[in-house]
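What follows is a single structure, written as structure tokens, with notes after it.
A note on names: the letters A, B, ... follow the listed sequences, proteins ahead of strands, and every chain is numbered from 1.
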Amino acid sequence: MELVLNEEQTMLAQTVKEFIKDNSPVTRMRKLRDDRDMLGYSKDVWKQMADLGWTAILFSEEDGGLGLGMAETVLVTEAMGRNLAPEPFISCIMLAGQAIAQGGSKELREEWLTPIIAGDKVLAVGYQEKGKRYDIRNIGTSAVKGADGYVLNGEKTQVVDGYGADAVIVSARTSGKDGDADGITLFLIPKDAAGMTVTRQWRLDSKNVAQVQLKDVKVPAANVVGEVDKGGALLAKVIDLATVALCGEMLGGMSSAFDRMLAYMKERVQFNVVIGSFQALKHRAAKMYMEVELSRSVVMAAARAVDENHKDKDIFISTAKARCSDAYIAITNEAVQIFGGNGMTDEEEIGFYMKRARAAEMTFGDATFHKDRFAALKGY
Amino acid sequence: MELVLNEEQTMLAQTVKEFIKDNSPVTRMRKLRDDRDMLGYSKDVWKQMADLGWTAILFSEEDGGLGLGMAETVLVTEAMGRNLAPEPFISCIMLAGQAIAQGGSKELREEWLTPIIAGDKVLAVGYQEKGKRYDIRNIGTSAVKGADGYVLNGEKTQVVDGYGADAVIVSARTSGKDGDADGITLFLIPKDAAGMTVTRQWRLDSKNVAQVQLKDVKVPAANVVGEVDKGGALLAKVIDLATVALCGEMLGGMSSAFDRMLAYMKERVQFNVVIGSFQALKHRAAKMYMEVELSRSVVMAAARAVDENHKDKDIFISTAKARCSDAYIAITNEAVQIFGGNGMTDEEEIGFYMKRARAAEMTFGDATFHKDRFAALKGY
Amino acid sequence: MADLEEFRASVRSWLEANAPKSLRGKMRDPAAAFWGGKKTPLPYPDSRPWLDMMAERGWTIPFWPKEYGGGGLDKEETKILNEELARLELPPPLTGFGITMIGPTILQYGTEEQKKLYIPQIIKGEIRWCQGYSEPNAGSDLANVQLKAVVDGDDYILNGQKTWTSFGDLSDWMFLLVRSNPDVKKQAGITFLLTDLDLPGVEIRPIKLISGASPFCEVFFEDVRVPRHQILNRVDGGWEVARALLGHERTMIANTFGGRQSAAESPENPMEAAAKKYIGLKDGKLVDDAVRQRMAQNQIDEQSFLLTVQRNGDNVKAGHRPGPETSIFKVYGTELNQRRQELMLSIVGPESLGWEGDGFEKSELDLTRVWLRSRGNTLEGGSSEIQLNIIAKQVLGLPD
Amino acid sequence: MADLEEFRASVRSWLEANAPKSLRGKMRDPAAAFWGGKKTPLPYPDSRPWLDMMAERGWTIPFWPKEYGGGGLDKEETKILNEELARLELPPPLTGFGITMIGPTILQYGTEEQKKLYIPQIIKGEIRWCQGYSEPNAGSDLANVQLKAVVDGDDYILNGQKTWTSFGDLSDWMFLLVRSNPDVKKQAGITFLLTDLDLPGVEIRPIKLISGASPFCEVFFEDVRVPRHQILNRVDGGWEVARALLGHERTMIANTFGGRQSAAESPENPMEAAAKKYIGLKDGKLVDDAVRQRMAQNQIDEQSFLLTVQRNGDNVKAGHRPGPETSIFKVYGTELNQRRQELMLSIVGPESLGWEGDGFEKSELDLTRVWLRSRGNTLEGGSSEIQLNIIAKQVLGLPD
């Protein structure tokens with residue numbers, strides 16, 4: 001793999017960065033939060049991003065996409081991460097879209113992929129359950145096969161962009177027991193399905209997340225995404241892709257936090273000099289800079305490993321998620337410390353990054369989870 | 001417990017410190033090393049220390065001791081640690097002496113304790129075996145009961161002060177299997193026992209350590225220290241005491257390393273100023289200072305917890321060993337870094353402390369071993 | 001000796017007869033702390049009578065001199081009183097900066113008139129005090145005081161701003177530093193002043209923090225007239241007072257983060273409880289070994305820290321000079337608390353991400369805020385960087 | 001394209017016909033590296049003929065200009081040569097500071113006469129070079145050069161001392177910094193000089209390290225006469241040369257610690273092997289979970305680092321400016337290596353404490369020394385502190 005952007009990628013990176021800069025300053029995300037906006041993102045901005053083609057990047061040309069790869073995808077999420085743009089890229093494109101693209105029947109793909117890529121419909125995936133931590137095979141939600149389809153019962157938590165979604169894809173156990181890899185099936189449930197209640201939850205990073213309660217929800221067999229009992233593998237695969245995209249976002253976030261810290265060090269005066277002239281702070285900044293650079297390398301490598309279907313791609317993915325989790329937290333902690341009292345105020349934007357760093361760490365497995373997975377993949 | 005020295009303790013601390021300062025500069029330990037002195041310590045200095053009463057501190061008045069406690073003992077080992085005095089305090093007094101005092105028959109005590117306390121005889125304890133790491137219940141050495149006593153076979157490694165010892169107490173398995181707590185017995189073997197070969201080993205900290213090979217060594221039942229099959233518990237108890245004494249030594253070593261580093265920071269000029277004026281180094285020095293202070297507290301507490309037979313004394317001991325191990329290593333690493341190239345030369349004494357820190361860490365269980373034990377004692 | 005036993009008996013019977021039954025057992029209830037003054041809500045209905053009856057005997061601060069309304073108790077008697085309060089698990093009747101900071105400072109620097117005036121008010125909890133040190137462009141550079149004080153007759157006229165004033169909105173009076181002389185070295189032109197916050201021209205605005213709470217305020221002064229007799233120590237002698245007072249503050253912070261329990265005690269441990277709930281044990285060991293090791297490290301750090309606080313106290317009690325300086329406690333205690341809160345997040349996992357509302361338990365929502373709040377610990381009361389500078393200079397003797 | 005294939009065929013047949021069979025398979029054998037010169041022992045009997053036959057074609061440094069004895073190969077041809085060497089797993093015929101440091105610097109700053117004189121000697125491995133930068137009281141302050149150079153006719157007369165000279169005792173010539181002008185700003189009075197070490201007045205003493213080895217020397221100069229035409233760049237223009245050369249050195253150190261294998265490769269891993277031997281697996285997991293986690297962290301760090309080195313190289317190859325500066329590689333690479341060695345000690349446990357002799361395996365004794373040696377990595381070639389200063393200033397633009 002070559003860890004360098006080609007011409008097209010450089011152009012894409014530039015375009016996305018400028019769009020986000022012009023259309024999504026952090027003040028936009030703050031306003032959504034202060035307004036207690038139920039959607040938590042802007043349908044309008046999302047539609048513009050779709051019109052620019054970014055939602056299409058990863059889908060095949062057959063499905064109406066651009067047939068590009070993760071190397072391009074992480075450029076989009078990085079730019080979004082820089083300004084904490086809350087649009088449903090990871091939920092709708094990486095999770096739901098990819099699940100349908102890779103596992104959906106022709107009918108499901110025709111019905112849902114076109115509006116997803118067009119930015120007209122938003123779908124979410126509910127896989128997380130309260131108290132089940134990071135192992136997606138731990139599922140309390142059940143799906144029982146009946147005469148005409150399945151009946152689902154259970155509850156999902158923190159379903160990202162689940163509130164207001166046009167449909168939610170949920171994981172449910174069709175056979176086996178808690179912790180089994182087999183016996184999990186993915187079901188697509190349109191928003192008006194009887195028995196499904198979607199409640200907005202409020203999280204520290206102000207993302208749209210929702211509780212999805214399922215009470216005797218009937219789902220036709222045609223709405224199974226992927227194969228019955230084999231949804232665990234599909235979900236894992238899709239989450240791996242989404243993890244790389246999230247790492248891109250985290251890279252953008254930590255870069256921005258670092259840049260803000262550095263700018264503050266050059267401007268804030270104490271004891272008659274800028275604080276950036278204190279050697280202890282300089283050394284800490286230099287170390288944080290190294291963390292950003294290392295993170296950039298592992299994100300690029302993970303994206304390319306996926307694109308090349310590298311035999312060690314899982315190792316690259318866990319390397320990226322572990323490193324980005326630790327680095328994003330370390331950098332935002334340092335930044336808040338260096339911003340001093342100002343960093344503790346809600347008025348200063350740096351705090352948003354510190355909150356997002358935690359939420360991102362705990363999405364798709366935290367640093368420890370991925371270090372454990374790394375060791376297991378290495379065979380020790 | 002009161003974490004403060006009383007008047008007698010303050011006086012003792014002063015006396016030991018002065019004696020070591022006058023009689024045992026680090027140059028003495030260097031000379032023993034350079035001369036490849038087989039004993040690795042000085043019988044003469046040891047006798048003087050005994051004459052001053054320090055070998056008697058922990059023994060009961062009945063056994064000819066002073067009947068004092070660990071609170072006093074750590075003052076002696078701390079002073080020794082400051083100058084890396086290599087005399088056999090921990091091996092002979094803490095391990096062998098205590099094993100006999102607490103488990104030995106009246107005959108054994110009469111025969112061995114008096115010369116031990118007088119500094120006339122040196123005994124060592126062989127409990128460690130190659131490849132068995134830190135769990136003292138993993139024993140390959142066997143003792144088979146015969147008509148007149150036991151026959152021992154096996155090999156001990158890194159027996160501290162084993163070379164030239166007048167007798168070696170070894171742990172051997174009399175029943176059960178590797179890893180069992182029961183079934184271990186301690187045997188006292190005089191140096192001239194047929195079939196016992198003691199070979200000097202050379203370690204990075206230049207301590208006297210020895211391989212003890214046992215080939216059909218006959219040991220009379222009268223030489224069992226403690227009860228048959230119950231030697232594991234006695235050994236564990238004695239090692240706990242010795243661990244606290246070692247923590248005292250480590251505290252002395254890290255204090256001295258820290259003091260040397262600080263002095264160097266005040267004297268070494270670079271870029272026309274002393275390097276102690278660089279803020280990054282100042283902050284690192286301040287952090288190391290905290291480590292020394294925290295270590296002092298836990299060593300004092302562990303000693304007092306043992307003396308008071310505190311219900312949580314094992315927790316205090318593991319706290320002390322874990323903290324002192326980490327701190328001694330961190331401080332000596334920092335010190336060598338701050339000494340720069342000079343710190344890397346054999347000529348500069350700071351390197352001796354870095355080497356000793358590693359050896360001390362790996363004696364009686366490393367930091368990880370004691371954190372694990374701490375968690376287990378806490379019930380999680 | 002007999003006297004002391006008599007004293008204990010009288011304290012005990014008085015407490016049993018008079019201390020409000022509703023407050024018994026609330027000794028460790030942080031919500032039971034009462035900060036006094038006119039604006040702070042009562043924690044419990046009986047908090048006011050409890051304060052009044054104790055203040056009458058001077059027992060809100062039992063060892064302060066009787067002549068100013070204190071209890072006048074000696075060390076032994078104070079200890080007995082505390083033991084008897086603990087016996088009924090009664091909360092302290094009063095807490096606050098009056099007791100821990102400005103009171104001792106007035107006793108040290110105040111004129112006889114000032115002592116007679118302010119100390120009884122403090123003891124009775126009549127006014128709640130807040131601190132006016134920080135200013136917007138000062139940060140760690142505390143001597144960079146810009147708030148102007150200009151003499152006009154018997155008054156100073158104040159113009160400028162303070163910030164990071166804890167509970168300024170709930171306080172009655174402020175002790176603050178003002179720039180009384182702009183023409184000398186900055187430390188030499190500062191005066192220490194006491195002022196009523198209800199004066200015209202004072203405006204108080206809460207600061208919203210990342211945790212969502214607003215425990216701090218900005219306080220603006222526009223042509224505020226403060227009588228000149230309300231200065232402490234001499235004109236332009238405020239820096240000395242400020243430093244003395246900071247010493248009191250650090251001791252207080254160390255006590256807060258060090259916890260008041262002695263190191264040997266083993267109270268029910270919330271971290272262990274959370275680990276068992278959210279992660280679970282298998283064969284007596286936490287299933288997540290990484291968390292297990294971090295917990296052991298954190299608890300070892302905590303024990304080491306508490307023992308160091310104790311050692312310092314024991315040294316002082318024994319009449320020796322204190323061992324490690326209080327700056328250690330501030331740096332280590334606050335960073336330890338941050339590590340503790342971060343570990344708690346790792347233990348609780350995704351459920352720790354909640355902000356409010358559905359789908360999160362109250363304890364989970366509380367944790368999020370407590371963690372965010374803990375980030376400020378290493379900034380307020382002298383940042384970690386400042387404390388490390390102090391240790392390097394004052395304790396280790398390293399040059400500037 | 002056809003030409004390249006022809007080139008490959010000719011290289012292959014020549015190597016197969018001529019390269020010593022005894023050296024095949026020794027590509028990764030660190031002991032096979034040959035440093036050239038008159039004093040360094042031959043690693044293998046065939047090392048000399050292998051060097052000579054390669055040097056004849058200029059292939060010790062294949063991409064250097066043909067006019068000075070280099071191979072004159074272009075990028076593609078160099079790549080093919082390396083691939084063919086790798087195919088037979090042949091070690092490089094020559095290594096050393098001539099190739100990595102002083103050679104490129106002479107090509108950059110040397111006069112035509114100097115290039116004609118020195119470059120062929122370097123390519124043929126006739127002289128081994130050592131570095132004379134550090135002095136006893138300089139430490140990280142490299143510009144603090146005290147070694148005096150006084151003009152006397154056509155010569156300089158040198159008096160003073162260098163230290164930390166790698167393998168000074170095995171080297172033939174030294175490139176060094178001398179104080180040619182004591183009356184100007186320290187950087188402005190330094191001259192860069194080349195000198196034969198066999199001249200009268202030079203004395204070389206090895207320094208014994210904590211690891212027991214002596215890879216460095218002190219080099220003393222007493223009235224040593226060096227011809228003035230052996231200066232590089234202008235008189236008093238040595239600092240510029242020194243900095244250019246340091247850039248070459250850092251790149252070399254990064255390569256050393258970054259390892260030459262690409263990040264994607266997974267060679268047999270000595271740490272994993274040691275962990276399996278000394279700790280052991282149970283249900284496919286290391287029994288000691290703390291070590292397991294530290295290993296994962298260390299390997300993640302290593303992979304991140306190697307990928308960053310690779311990214312930098314890929315950027316340069318693609319014609320972009322390099323990404324992160326080489327200072328990053330130095331700091332991170334050396335500290336990573338220290339962490340790696342410390343982790344190795346933890347893995348091996350008490351058996352890692354041996355120094356020599358009975359009761360320890362050779363690999364255990366080697367580890368002890370390698371660990372001790374690794375402590376110097378963050379000091380030599382510009383300490384970590386200096387590198388962090390450089391990053392802060394030159395990369396991040398923070399003020400002095």
Under 4.5 Å from any heavy atom of chain C - which part of Ala359(A): both

Is Ala143(C) in contact with chain A via its backbone, its side chain, both, or neither, using a 4.5 Å heavy-atom distance? neither

Inter-chain donor/acceptor N,O pairs below 3.5 Å: chain C to chain A:
unit_1	atom_1	unit_2	atom_2	d
Pro136(C)	O	Arg268(A)	NH1	3.4
Ala138(C)	O	Gln270(A)	NE2	2.9
Ser140(C)	N	Gln270(A)	OE1	3.3
Asp141(C)	OD2	Phe271(A)	N	3.0
Lys208(C)	O	Asp346(A)	N	2.8
Ile210(C)	N	Met344(A)	O	2.8
Ile210(C)	O	Lys355(A)	NZ	2.7
Glu342(C)	OE1	Arg358(A)	NH2	3.3
Glu342(C)	OE2	Asn333(A)	ND2	2.8
Glu342(C)	OE2	Arg358(A)	NH2	2.8
Ser346(C)	O	Arg133(A)	NH2	2.9
Ile347(C)	O	Arg133(A)	NH1	2.6
Ile347(C)	O	Arg133(A)	NH2	3.4
Pro350(C)	O	Gln158(A)	NE2	2.8
Glu351(C)	OE2	Gly131(A)	N	2.8
Leu353(C)	O	Leu204(A)	N	2.8
Trp355(C)	N	Trp202(A)	O	2.8
Glu356(C)	N	Trp202(A)	O	3.4
Glu356(C)	OE2	Arg36(A)	NH1	2.4
Gly359(C)	O	Lys130(A)	NZ	3.4
Glu364(C)	OE1	Lys130(A)	NZ	2.8
Glu364(C)	OE2	Lys130(A)	NZ	3.3
Thr378(C)	O	Gln337(A)	NE2	3.2
Thr378(C)	OG1	Gln337(A)	OE1	2.5
Glu385(C)	OE1	Gln337(A)	NE2	3.0
Glu385(C)	OE2	Arg284(A)	NH1	2.9
Glu385(C)	OE2	Arg284(A)	NH2	2.9
Glu385(C)	OE2	Gln337(A)	NE2	3.4

Which region of Val269(A), side chain (C-beta onward) or backbone (N, CA, C, O), has a non-hydrogen atom less than 4.5 Å from a non-hydrogen atom of chain C, or is it both or neither? backbone

Under a 4.5 Å heavy-atom cut-off, does chain A meet the side chain of Phe216(C), its backbone, both or neither? neither

Relative to chain A, which segment of Leu345(C) carries a heavy atom at a distance below 4.5 Å: side chain, backbone, both, or neither? both

Taken to the nearest 0.5 Å, the spacing of Ile210(C) CD1 from Phe352(A) CZ works out to 10.0 Å

Heavy-atom pairs under 4.5 Å with chain A are the metric here; pick the option from Leu209(C), Leu379(C), Leu353(C) that has the most. Leu353(C)

Top residue by heavy-atom pair count (under 4.5 Å) with chain A, among Gly354(C), Gly212(C), Pro350(C), Gly357(C)? Pro350(C)

One should read off an interatomic distance between Leu204(A) CG and Leu372(C) CG, to the nearest 0.5 angstrom, of 6.5 Å

side-chain contact (heavy atoms from CB on, under 4.5 Å) filter on Ala286(A), not counting sequence neighbours, yields Leu388(D), Ile391(D)

If I measure from the heavy atoms of chain C, does Ile350(A) come under 4.5 Å with its side chain, its backbone, both, or neither? neither

